[in-house]
Amino acid sequence: MAAGEPGGSWFTTPEWALAWWETVGAREGAGSEAGEIVVWQEPDGRVSAVVPLLRTTRRLHPRAPVAVPCLTVLGSGPGAADHCGFAVAPERRADVADWLARRGRRRSLLLTDLDPDQADLLPPGAVEIGRTPCPRADLTAGPDALGSRQFRADLRRYGRKLAAEGITFRWVPPAIADAELAERFDLLKAAVRLHRLRRAALGKPTTFDAARAPLHVRVIERAAATGRGEGPAFLVAEREGEVVGVLYGFQWKRTFSYYQIGWDQTWAPQRLGTAVIAEAIRAAAGQRLSTFDFLRGTEPYKYRFDAVDREDVSWLVPHGASGALLGLKYRAKAARST
């Protein structure tokens, strides 16, 4: 069903949502009563819609203790998912929209970073509270068609210098058997470690850390169990048997979604980070994927690969005093950003 969505993403799959609930949800002590997964089933037993929601609270300000209750998409939020939404068969979309409308009359719905193709599921009264650009590059013409002529020449030069230093690159596809899991777990650890070092060098925090690692371990396990060859994949840079760079993301349908990256800062002058991304794009094209999704963020380097924005949209369906307070919060946030 998730694969049948016209847009959609890896973050709408049960592998992501259930892994999130089993790890992040359990660690935060939300309790089983905090989640609700509503399923529509046809007379023949076929499931035609799945709507996973989380009962949670949102603080009105980072420095204020006041928080208000709301419902949001299970597995969404900062440091979690983009292109969020629900798996709904075409014949059930009107029913799901009607159910969400009724649910929104009992508690505010905070539906952040929805894929734009989910708009027909929104209840009446939904208020747009933000847009998140998610640049993506079209791979159908091949990786050598991306970027300016000068940029492509720069990439070739970076590659030659790194090769002269003994750095090699390889693609590690999603696991499809238990025997393949150990390597993926080791690469995940390397990705977390190198990403932390990179962020520290920039003086910036990150949510892709040891606390979130169990989520990604479970995602890798759940994806491998399906045997479909979709889910977590890696582009790895190595030198003399040591991992010096890792790009981590998700291969699903005909898209690779680039989630996080890390590399040894020793090689920053040689543009190792840019080279890792370029090699990941080349590898994705080699897998006959059509889209390289950079996910959220408008960092300039993404557009050097000819990425074009597709915007996720966040919505609030306000209810009662909590909805009014959340609406005030997001109006104030919008005013500060203009």
Side-chain angles (χ1 to χ4, degrees), residues 7-13 16 75-85 112-117 130-148 151-152 154-155 158 169 171-174 191-192 194-195 198-199 202 204 206-208 212 216 219 230-237 245-263 268 271-314:
S9 75
W10 169 256
F11 303 108
T12 63
T13 66
W16 175 265
S76 66
D82 295 324
H83 315 322
C84 297
T112 55
D113 299 306
L114 284 192
D115 188 284
D117 287 319
R131 289 179 174 256
T132 305
C134 298
R136 52 178 60 187
D138 184 350
L139 303 179
T140 54
D144 294 329
L146 298 178
S148 67
F151 183 52
R152 295 196 297 270
D154 290 342
L155 292 177
Y158 302 157
F169 302 91
W171 173 256
V172 179
V192 170
L194 292 169
H195 177 75
R198 171 177 172 257
R199 297 296 289 182
L202 295 172
K204 295 182 179 179
T206 180
T207 56
F208 186 62
R212 282 290 174 92
H216 297 283
V219 169
E230 295 183 314
F234 302 84
L235 192 288
V236 186
V246 183
L247 184 146
Y248 169 62
F250 306 105
Q251 180 177 330
W252 190 69
K253 295 169 67 171
R254 296 194 65 200
T255 296
F256 179 77
S257 298
Y258 154 36
Y259 193 76
Q260 288 292 2
I261 191 173
W263 67 87
R271 302 293 194 274
L272 177 59
T274 302
V276 167
I277 296 168
E279 291 293 334
I281 289 173
R282 184 173 297 280
Q287 299 293 310
R288 298 186 177 180
L289 305 182
S290 60
T291 303
F292 190 91
D293 192 340
F294 287 91
L295 299 179
R296 71 178 66 189
T298 56
E299 294 86 351
Y301 76 85
K302 298 178 180 181
Y303 302 100
R304 298 188 73 188
F305 289 99
D306 288 342
V308 176
D309 285 346
R310 176 184 171 93
E311 291 186 325
D312 287 349
V313 187
S314 295

What is the distance from atom CG of Leu247 to atom CD1 of Ile277, rounded to the nearest 0.5 Å? 6.5 Å
N/O donor-acceptor pair under 3.5 Å between Trp263 side chain and Leu194 backbone: no
Identify the two heavy atoms, one from Val246 and one from Ala191, that lie closest to each other, and give their separation to 0.1 Å. CG1-CB, 3.7 Å
Can you list everything that forms a side chain to side chain contact (heavy atoms under 4.5 Å, CB included) with Val313? Sequence neighbours excluded, please. Glu128, Arg131, Trp315
Begin from the C-alpha positions of Phe294 and Asp309 and carry the test side-chain contact (heavy atoms from CB on, under 4.5 Å) through to its verdict. CA-CA 10 Å; Phe294 287 91; Asp309 285 346; over 6 Å; no
Supply the atom-to-atom distance Leu114 CG to Glu311 CD, rounded to the nearest 0.5 angstrom. 13.5 Å
So CZ of Phe305 and CG of Leu155: to nearest 0.5 Å the spacing works out to 5.0 Å
Give me the atom names and distance for the closest heavy-atom approach of Pro232 to Tyr248. CB-CE1, 3.8 Å
State which residue, out of Pro116, Ser9, Ser76, fulfils the side chain to side chain contact (heavy atoms under 4.5 Å, CB included) condition with His83. Ser9
Inter-residue atom distance Tyr259.OH - Phe208.CZ, 0.5 Å rounding: 7.5 Å
So OG1 of Thr291 and CZ of Arg310: to nearest 0.5 Å the spacing works out to 9.5 Å
When you look at Asp306 and Asp138, which way does the side-chain contact (heavy atoms from CB on, under 4.5 Å) test go after all the steps? CA-CA 8 Å; Asp306 288 342; Asp138 184 350; over 6 Å; no
Would you compute the distance between atom CH2 of Trp10 and atom CH2 of Trp252 and round it to the nearest 0.5 angstrom? 9.0 Å
By side chain to side chain donor-acceptor pair (under 3.5 Å) - contacts of Glu230 (at least two apart): Arg228
Got a sec, which residues hit side chain to side chain contact (heavy atoms under 4.5 Å, CB included) with Thr298, two or more places apart in sequence or on another chain? Pro133, Tyr303
What residue pairs, at least two apart or across chains, pass salt bridge (charged side-chain N to carboxylate O under 4.0 Å, His left out) with a residue in residues 273-293? Arg136-Asp293, Asp144-Arg282
Please report the closest heavy-atom contact between Lys302 and Ala307, naming both atoms and the distance. O-CB, 3.2 Å
Sequence neighbours left out, what passes side chain to side chain donor-acceptor pair (under 3.5 Å) with Thr206? Give chain and number order. His195
Sorted by chain and number, sequence neighbours left out, side chain to side chain donor-acceptor pair (under 3.5 Å) with Thr132 holds for Asp113
Walk me through whether Arg271 and Asp154 qualify under salt bridge (charged side-chain N to carboxylate O under 4.0 Å, His left out). CA-CA 10 Å; Arg271 302 293 194 274; Asp154 290 342; over 6 Å; no
Sequence-distant partners of Ala284, side chain to side chain contact (heavy atoms under 4.5 Å, CB included), two or more places apart: Leu139, Phe256, Leu289, Phe292
Considering residues at least two apart in sequence or located in another chain, which fulfil the salt bridge (Lys or Arg N to Asp or Glu O under 4.0 Å) criterion with Arg198? none
State which residues pass side chain to side chain contact (heavy atoms under 4.5 Å, CB included) with Ala237; sequence neighbours excluded, sorted by chain then number. Ile167, Phe169, Val244, Leu272, Val276
Identify, with sequence neighbours excluded, every residue that meets ring pair (Phe, Tyr, Trp, His ring centres under 6.0 Å) alongside Tyr301. none
Provide the closest heavy-atom pair for Ile261 versus Gly273 in the form atom of the first, atom of the second, distance. CD1-O, 3.8 Å
With distance as the sole test, does Arg296 use its side chain to make a donor-acceptor pair with the main-chain N or O of Ala81 at under 3.5 Å? yes
Nearest heavy-atom contact between Pro174 and Ala233 is CD-CB, 3.8 Å
Listed partners of Tyr158 passing ring pair (Phe, Tyr, Trp, His ring centres under 6.0 Å), at least two apart: none
So that I know where these two stand, are Phe11 and Phe250 an aromatic pair - ring centroids less than 6.0 Å apart? yes
So do the side chains of Val219 and Trp16 get within less than 4.5 Å of each other, counting heavy atoms only? yes
Compare every heavy atom of Gly75 with every heavy atom of Ala80, then report the nearest pair and how far apart it is. CB-O, 3.4 Å
